[in-house]
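Written out below as structure tokens is the structure these notes cover.
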Amino acid sequence: KRALIIGRWQPFHNGHYEIIKKISNEVDELIIGIGSSQRSHSLKDPFTAGERMMMISKSLENLNIRYYTIPISDIDFNSIWVSCVEALTPPFNQVYTGNSLVRELFTEKGYVVKKPELYNRAEYSGTKIRQKMLNNQNWEHLVPKSVVDVIKEIDGVGRIKRLNEKDY
Ligand code: ATP
Ligand code: MG
């Protein structure tokens, strides 16, 4: 069985790690779609697809799962979006998503769509973690250690703060 999960992973956090660990017990292989892959350097999408791929591969190093990370850019054309995903990924027979639009589009094409359970959503949330980075609050405990290393390497927190500076 080969499954697909799509996220923006901005950044890859402990909730993502937990759900992938759980899925890894249910499937043989996992396709991890990097959604909005063309986006970076904005407050909602600060990290590039390549940086997000580094976060994922370093975090999953010790998990016993074969996976493929595939960048998927936005097409703004919902009715053909599933075909575009299929054109980029290995074949899959199951989809994991918490997003209602993604669920609808894959279900209409006949896929089995499962809703991943959420772990500590109050804290394990990309939006909340990015907010903490901006506000000098502790965020490091909310992501895998390797993600802390990647964000340090690229000065990700500095990037987010600079992006938030106002024009004069
Ligand atoms: P953002 O706030 O930027 O949308 P996010 O935390 O929702 O970030 P996404 O990249 O949007 O993260 O989500 C990717 C996938 O991970 C989705 O399928 C989502 O259901 C799942 N996910 C997100 N947060 C958690 C969590 N705390 N526990 C389990 N799964 C999660
Ligand atoms: Mg989300």
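Side chains included, hydrogens not; waters and symmetry mates left out as well; all remaining heavy atoms used. Atoms within each ligand, like the ligands themselves, are counted from 1 in listed order.
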- [ ] For Lys109 and Glu86, run salt bridge (charged side-chain N to carboxylate O under 4.0 Å, His left out): C-alpha distance rounded to whole Å, both residues' side-chain angles, the deciding distance at 0.1 Å, then the answer.
- [x] CA-CA 11 Å; Lys109 297 290 177 214; Glu86 288 170 331; over 6 Å; no
- [ ] Would you check whether Asn120 has a nitrogen or oxygen atom less than 3.5 angstrom from a nitrogen or oxygen atom of ligand 1?
- [x] no
Open item on the list: I'd like to check whether Arg121 has a polar contact with ligand 1, where a contact means an N/O of the residue lying under 3.5 Å from an N/O of the ligand.
Closed with: yes
TODO: Check ligand 1 against Ile19 and write out every atom of the ligand that is under 4.0 Å from a heavy-atom position of the residue.
DONE: 29 (C), 30 (N)
Open item on the list: When you measure from atom 14 (C) of ligand 1 to the protein, is at least one non-hydrogen atom found at a distance under 4.0 Å?
Closed with: yes
- [ ] Heavy-atom contacts with Thr127 under 4.0 Å: which atoms of ligand 1 show up? List them by number with element.
- [x] 1 (P), 2 (O), 3 (O)
- [ ] Using a strict cut-off of 4.0 Å, indicate which atoms of ligand 1 neighbour a heavy atom of Leu118.
- [x] 25 (C), 26 (C), 28 (N), 29 (C), 30 (N), 31 (C)
Open item on the list: Do Ile65 and Val95 land in one hydrophobic cluster if side-chain heavy atoms of ILVMFWY residues count as linked below 4.5 Å?
Closed with: no
Task: atom 17 (C) of ligand 1 - nearest protein heavy atom and its distance - done: Ile6 O, 4.2 Å
Task: Interfacing atoms of ligand 1 (cut-off 4.0 Å, heavy-atom, Arg8) - done: 1 (P), 3 (O), 4 (O), 10 (O)
- [ ] Report yes if Gln10 has an N/O atom closer than 3.5 Å to an N/O atom of ligand 1; otherwise report no.
- [x] no
Task: Hydrophobic cluster identity match, Leu4 and Val27, side-chain contacts under 4.5 Å - done: no
Open item on the list: At less than 4.0 angstrom from any non-hydrogen atom of Gly7, what atoms of ligand 1 do you find?
Closed with: 10 (O), 14 (C)
Task: Arg130 (side chain) donor-acceptor with Leu43 (main chain) under 3.5 angstrom - done: yes
Open item on the list: Show the atoms of ligand 1 that are less than 4.0 angstrom away from any heavy atom in Gly98.
Closed with: 18 (O), 20 (O)
Task: Heavy-atom nearest option to atom 21 (C) of ligand 1, drawn from His16, Lys22, Glu117 - done: His16
TODO: Test salt bridge (charged side-chain N to carboxylate O under 4.0 Å, His left out) on Lys21 and Glu18 and set out the steps.
DONE: CA-CA 5 Å; Lys21 191 164 84 179; Glu18 289 302 326; 3.8 Å; yes
Open item on the list: Main chain of Asn164, side chain of Lys166: is a donor-acceptor contact present, judged purely on distance under 3.5 Å?
Closed with: yes
- [ ] Take Tyr17 and Tyr124 through the test ring pair (Phe, Tyr, Trp, His ring centres under 6.0 Å) and record every step on the way to the result.
- [x] CA-CA 10 Å; Tyr17 179 83; Tyr124 296 164; over 10 Å; no
Task: Side chain Ser36, main chain Arg39, donor-acceptor under 3.5 Å - done: no
Task: Numbered atoms of ligand 1 (with element) below 4.0 Å of Tyr119, judged on heavy atoms - done: 26 (C), 27 (N), 28 (N), 29 (C)
- [ ] For salt bridge (charged side-chain N to carboxylate O under 4.0 Å, His left out), just list the numbers for Asp155 and Arg159, CA-CA rounded to whole Å, side-chain angles, deciding distance to a tenth of an Å, and then say yes or no.
- [x] CA-CA 6 Å; Asp155 187 22; Arg159 179 188 296 171; over 6 Å; no
Open item on the list: Using a 4.0 Å cut-off to any heavy atom of Arg130, which atoms of ligand 1 qualify?
Closed with: 3 (O)
Task: ligand 1 to Gly126 polar contact by distance, N or O atoms, under 3.5 Å - done: yes
Open item on the list: Counting only heavy atoms not in Asn135 (residues, nucleotides, ligands), do more than 12 fall under 6.0 Å from its CG?
Closed with: yes
Open item on the list: At under 4.0 Å between heavy atoms, is it the side chain or the backbone of His13 that contacts ligand 1, or both, or neither?
Closed with: side chain
